[in-house]
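A short worksheet on the structure shown next.
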2 protein chains.
Amino acid sequence: MSHDAKEKIVTAMIELISEQGFEGLSVRGVASRASVSIGAVQHHFPTKVRMLEAAMTAVASRAAQRFGELETIEDPLTRLQALIDLLIPQDTADPIARVWLNFAVRSTVDTNLRNTYVKLWASMRNQLRLLLAAAGGHKYTDETALELLALLDGLTLSVLAEHQDPDRVRRIANARVEELLRHDS
Amino acid sequence: MSHDAKEKIVTAMIELISEQGFEGLSVRGVASRASVSIGAVQHHFPTKVRMLEAAMTAVASRAAQRFGELETIEDPLTRLQALIDLLIPQDTADPIARVWLNFAVRSTVDTNLRNTYVKLWASMRNQLRLLLAAAGGHKYTDETALELLALLDGLTLSVLAEHQDPDRVRRIANARVEELLRHDS
DNA sequence: GCGTATACAATACGAACGTATTGTGTCGTT
DNA sequence: AACGACACAATACGTTCGTATTGTATACGC
């Protein structure tokens with residue numbers, strides 16, 4: 001089975017990054033976790049940086065898929081709340097959030113990675129802004145979206161790094177959204 | 001000169017972590033940057049994890065010193081704003097912020113480190129809560145401080161990872177503080 | 001049916017890593 | 001003057017790393 005191995009490798013990478021971050025992440029470790037040979041990893045991802053790139057695009061597409069599922073929700077407010085539910089990690093082990101955090105930090109030192117991260121998060125902010133506008137009003141500026149996404153990022157960090165209670169954190173995020181909407185009307 | 005070398009090593013470590021994160025940080029690299037021998041590094045920090053611990057306590061104490069200088073400010077509101085000015089990185093290269101971020105992320109996988117990080121950030125939240133109460137009112141809950149610090153963390157991340165304009169980010173932080181105080185009165 | 005591309009596996013190589021070991025000079029103490 | 005503690009320096013050891021090389025089995029076009 002050909003692309004089975006590729007998927008297994010990507011999955012193993014996400015698991016390992018989520019468990020131990022980028023330090024300690026080795027080609028050998030990925031191969032071992034995926035139960036494939038080192039050669040298999042090298043075949044699909046010729047270098048380590050290509051391997052990491054694949055990991056990020058994988059989590060990005062997985063996240064995008066989840067976000068896409070929200071499109072079916074009609075009411076902008078409940079869709080906004082559902083989006084927040086996705087962005088705030090469900091628990092301390094949430095792989096998507098953990099991998100995201102590692103890539104965000106990595107982008108502070110890696111120019112190539114930063115470019116994609118900047119675009120990704122800019123579009124995320126745009127999403128938030130549109131949803132805010134649709135949900136409550138029309139006077140939302142870019143600043144509002146920047147504040148909200150930064151709040152969500154910081155709350156996410158507090159869950160992952162400090163083990164803050166996810167439910168409590170979620171309530172805070174939702175409270176801020178309601179406050180933003182109330183102010184506008 | 002004996003403790004000259006120790007200081008040079010710590011300074012070199014902070015520089016290197018700030019520049020390239022934990023990956024790529026090696027004993028040899030630190031020794032080279034500090035212009036001392038590998039043996040010197042080993043003498044003062046027998047293992048690498050002890051070396052990293054020293055780096056974190058160093059930035060913590062440097063940050064604490066800066067925060068201590070704020071004590072002289074009488075007015076709680078201006079002191080709060082000054083604290084925010086310290087927490088939001090001045091620019092993309094701000095070493096304290098960058099090292100902090102690396103340690104925060106590291107604490108998502110390192111239990112020992114997390115314990116100290118949790119305590120550090122809990123006391124930071126307490127500071128914020130007290131300042132908020134002194135500046136504007138008395139009905140501030142722990143939730144308020146949690147939201148504000150998360151916002152500051154997220155904004156910091158946006159500066160470091162996305163290269164958001166520090167001034168703009170600072171304005172957002174200050175705007176939120178004013179809003180919080182206005183609401184209470 | 002035969003060459004070619006694909007999808008791996010196995011192994012090997014050189015570099016970089018953390019750390020152990022040992023040597024050397026400079027002290028303050030006795 | 002002798003000596004032990006300290007602050008390094010130099011080097012060596014074993015491991016792990018990314019990657020290059022080579023081999024092999026399977027699928028497929030012609």
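Lettering follows sequence order; numbering is per chain, from 1. Hydrogens, waters and symmetry mates are skipped; everything else that's a heavy atom, side chains included, is used. Given the structure is predicted, the values throughout are model-derived calculations rather than measurements.
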Heavy atoms within less than 4.0 Å of DNA chain D: which residues of residues 9-16 of chain A have one? Give them sorted by number.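 Result for residues 9-16 of chain A: none.
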Given atom [atom1] of [X] and atom [atom2] of [N], what is their separation to the nearest angstrom?
X: B:D4; N: D:dC6; atom1: CG; atom2: C1'; value: 16 Å
X: B:F45; N: C:dA20; atom1: CZ; atom2: C1'; value: 19 Å
X: B:M51; N: C:dT19; atom1: CE; atom2: C1'; value: 12 Å
X: B:E23; N: C:dC17; atom1: CD; atom2: P; value: 13 Å

Closest non-hydrogen atom pair between A:F103 and A:L52, with its separation: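 That would be CZ-O, 3.5 Å.
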Indicate the atoms forming the closest heavy-atom contact of B:M51 with B:V30, along with that distance.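 Looking at all heavy atoms of both residues, the shortest contact is CE-CG2, 3.8 Å.
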Measuring only between side-chain heavy atoms, which start at C-beta, is A:R129 closer than 4.5 Å to A:T144?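 Answer no - side chains too far apart.
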Side-chain touch A:L181/A:L77, heavy atoms, less than 4.5 angstrom: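 Side-chain contact under 4.5 Å: yes.
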Would you please indicate yes or no on a ring centroid separation below 6.0 angstrom for A:F22 and B:F22?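 No, the ring of B:F22 stays outside the 6.0 Å limit from the ring of A:F22, centre to centre.
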Below 4.0 Å: OP1/OP2 of C:dC8 and any side-chain N or O of A:H43: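 No, outside the criterion.
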Check whether any side-chain nitrogen or oxygen of B:H44 sits under 4.0 Å from OP1 or OP2 of D:dC8, and answer yes or no.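 Result: yes.
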Does the distance from a Lys or Arg side-chain N to an Asp or Glu carboxylate O, for B:R176 and B:E179, drop under 4.0 Å?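 A salt bridge links B:R176 with B:E179.
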Presence of salt bridge, A:E162 and B:R125, under 4.0 angstrom: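 A:E162 and B:R125: salt-bridged.
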What does the list of N/O pairs under 3.5 Å between the protein and nucleotides 12-19 of chain D look like, with a distance for each?
residue, atom, partner, partner atom, Å
D:dG18, OP1, A:K48, NZ, 2.5
D:dG18, OP2, A:V27, N, 2.9
D:dG18, N7, A:R28, NH1, 2.6
D:dG18, O6, A:R28, NH2, 2.6
D:dT19, OP2, A:K48, N, 2.7

B:R50 CZ to B:H44 NE2 distance, which is reported to the nearest 0.5 Å: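 Answer for the CZ-NE2 pair, B:R50 versus B:H44, is 14.5 Å.
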Among the candidates C:dT6, D:dA9, D:dC8, find the nucleotide nearest to the side-chain atoms of B:A5.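 Of all the options, the side chain of B:A5 is nearest to D:dC8.
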